[in-house]
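Below is one structure, written out as structure tokens; comments come after it.
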Amino acid sequence: MNIAFFCTGEGSFLKFIYLNLPLLNKINKVLLFTDRICGVYNSLHNKMESKIFLNNLANNESDAEFERSACQWLIDNDVRYVFLSCNKILKYDLLDYYGENNGRMFNCHPSLLPRLKGMNAVYRSFIDQNENYGASIHRVTREVDGGQILAHCIITKRDQDFEKYKHRLFVNQAILFLDFIYKICLSGCEYGWSNIEVNNLDKDEGFYPKLSLDVKRVKFLNHGDENYGLWNFIK
């Protein structure tokens, strides 16, 4: 099975996934594509099959051409699932072929959806009054951050420093993302998920559904990252 990531920034989540590829033994190939020169492309394009579709004109026509070209490249490479780590809203061929009703495109959003959809969700969750925060994985549809929620992690606020808060979220969101891909490796996207009960987010701290990965086998990007994991706080 081949999967692909659409990234537009530093791509720390993809770097984390790449570091842990040995755990995803049913994936034959991971591909990277982007519409701009960015940090993750510079870091990984020599390590995995990659394609940059430079988008020189900031208009709908060039966006549509990018999606047409990228979608055809993914089809030619027999890509089954697409994961987003980007700041671009898709509207055309990519969304139609992999997202919407086809259900083969996923995003990992840094908030407990349906709360705090859209941009700057991490800082907005830091300053709001909710005791819990976290991340959600959802199917990608035309409604921004509005697709079916398939998994999330819930973290209890314990950090007063924003950098520590942001880093704790990143570590647990990365594990959530990796575990989700691991589940897909086991059973495909028809794994049997149903909608998480998003109307009640007053759950205990943890991962929903429970992790399938053995966290002890996970490699982290930085020494000490594992100390930020929820498994250190769940009783």
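This structure is a prediction, so every number in the text was calculated from the model and none was measured.
- Salt bridge absent: D128 and R124 never bring a charged side-chain N and a carboxylate O closer than 4.0 Å.
- Clustering of Ile, Leu, Val, Met, Phe, Trp and Tyr side chains at separations under 4.5 Å places I89 together with V144.
- Ion pairing between R168 and D161 fails under the 4.0 Å rule for side-chain N and carboxylate O.
- Checking H167 against N222 by side-chain atom types alone, no donor-acceptor pair falls below 3.5 Å.
- The minimum heavy-atom distance linking N77 with N2 is given by the pair O-ND2, 2.9 Å.
- Surrounding CD1 of I37 are at most 12 heavy atoms belonging to other residues, nucleotides or ligands under 6.0 Å away.
- A salt bridge does not link E67 with K91: none of the charged nitrogens is closer than 4.0 Å to a carboxylate oxygen.
- A distance of 6.0 Å or more separates the ring centres of F6 and F53.
- At distances below 3.5 Å, not a single donor-acceptor pair connects side-chain atoms of Q173 with backbone N or O atoms of G134.
- More than 12 heavy-atom neighbours from other residues, nucleotides or ligands sit within 6.0 angstrom of NZ on K157.
- By the 6.0 Å and 45° rule, R158 stacks over the aromatic ring of F233.
- Within a 6.0 Å sphere centred on CG of N101, other residues, nucleotides and ligands contribute 12 heavy atoms or fewer.
- Considering only heavy atoms from C-beta on, F33 comes within 4.5 Å of V82 through its side chain.
- Salt bridge status for K117 with E143: present, with a side-chain N to carboxylate O gap under 4.0 Å.
- In this model, a donor atom of one side chain and an acceptor atom of the other lie less than 3.5 Å apart for Y165 and S125.
- Residue D76 places its CG atom among more than 12 non-hydrogen atoms of other residues, nucleotides or ligands, all under 6.0 Å distant.
- Taking the six-membered ring for Trp and the full ring otherwise, the centers of F5 and F13 sit at least 6.0 Å from each other.
- When all heavy atoms of I154 and E205 are compared, the pair lying nearest together is O-CG, 3.1 Å.
- Across all their heavy atoms, C7 and L14 have their closest contact at SG-CD2, 3.9 Å.
- Under the 4.5 Å side-chain heavy-atom criterion for ILVMFWY residues, no single connected hydrophobic cluster contains both M119 and L169.
- Ring centroids of H138 and F106 are separated by 6.0 Å or more, keeping the two rings apart.
- More than 12 heavy-atom neighbours from other residues, nucleotides or ligands sit within 6.0 angstrom of NZ on K29.
- Between D63 and K88 a salt bridge is recorded (basic side-chain N to carboxylate O distance below 4.0 Å).
- Grouping the Ile, Leu, Val, Met, Phe, Trp and Tyr side chains by contacts below 4.5 angstrom, directly or via other members, places F177 apart from L116.
- Cation-pi geometry between K203 and Y208 is met: the NZ or CZ atom falls under 6.0 Å from the ring centre, inside 45° of the normal.
- The two residues D179 and L213 have their closest heavy-atom pair at OD1-N, 2.9 Å.
- For Y123, the ring-ring contact (aromatic ring centres under 6.0 Å, His included) partners at least two apart in sequence or on another chain are F162.
- Nearest heavy-atom pair across S111 and A121 is CB-CB, 4.1 Å.
- Taken from NE2 in H109 to OG in S136, the straight-line distance is 7.0 Å, to the nearest 0.5 Å.
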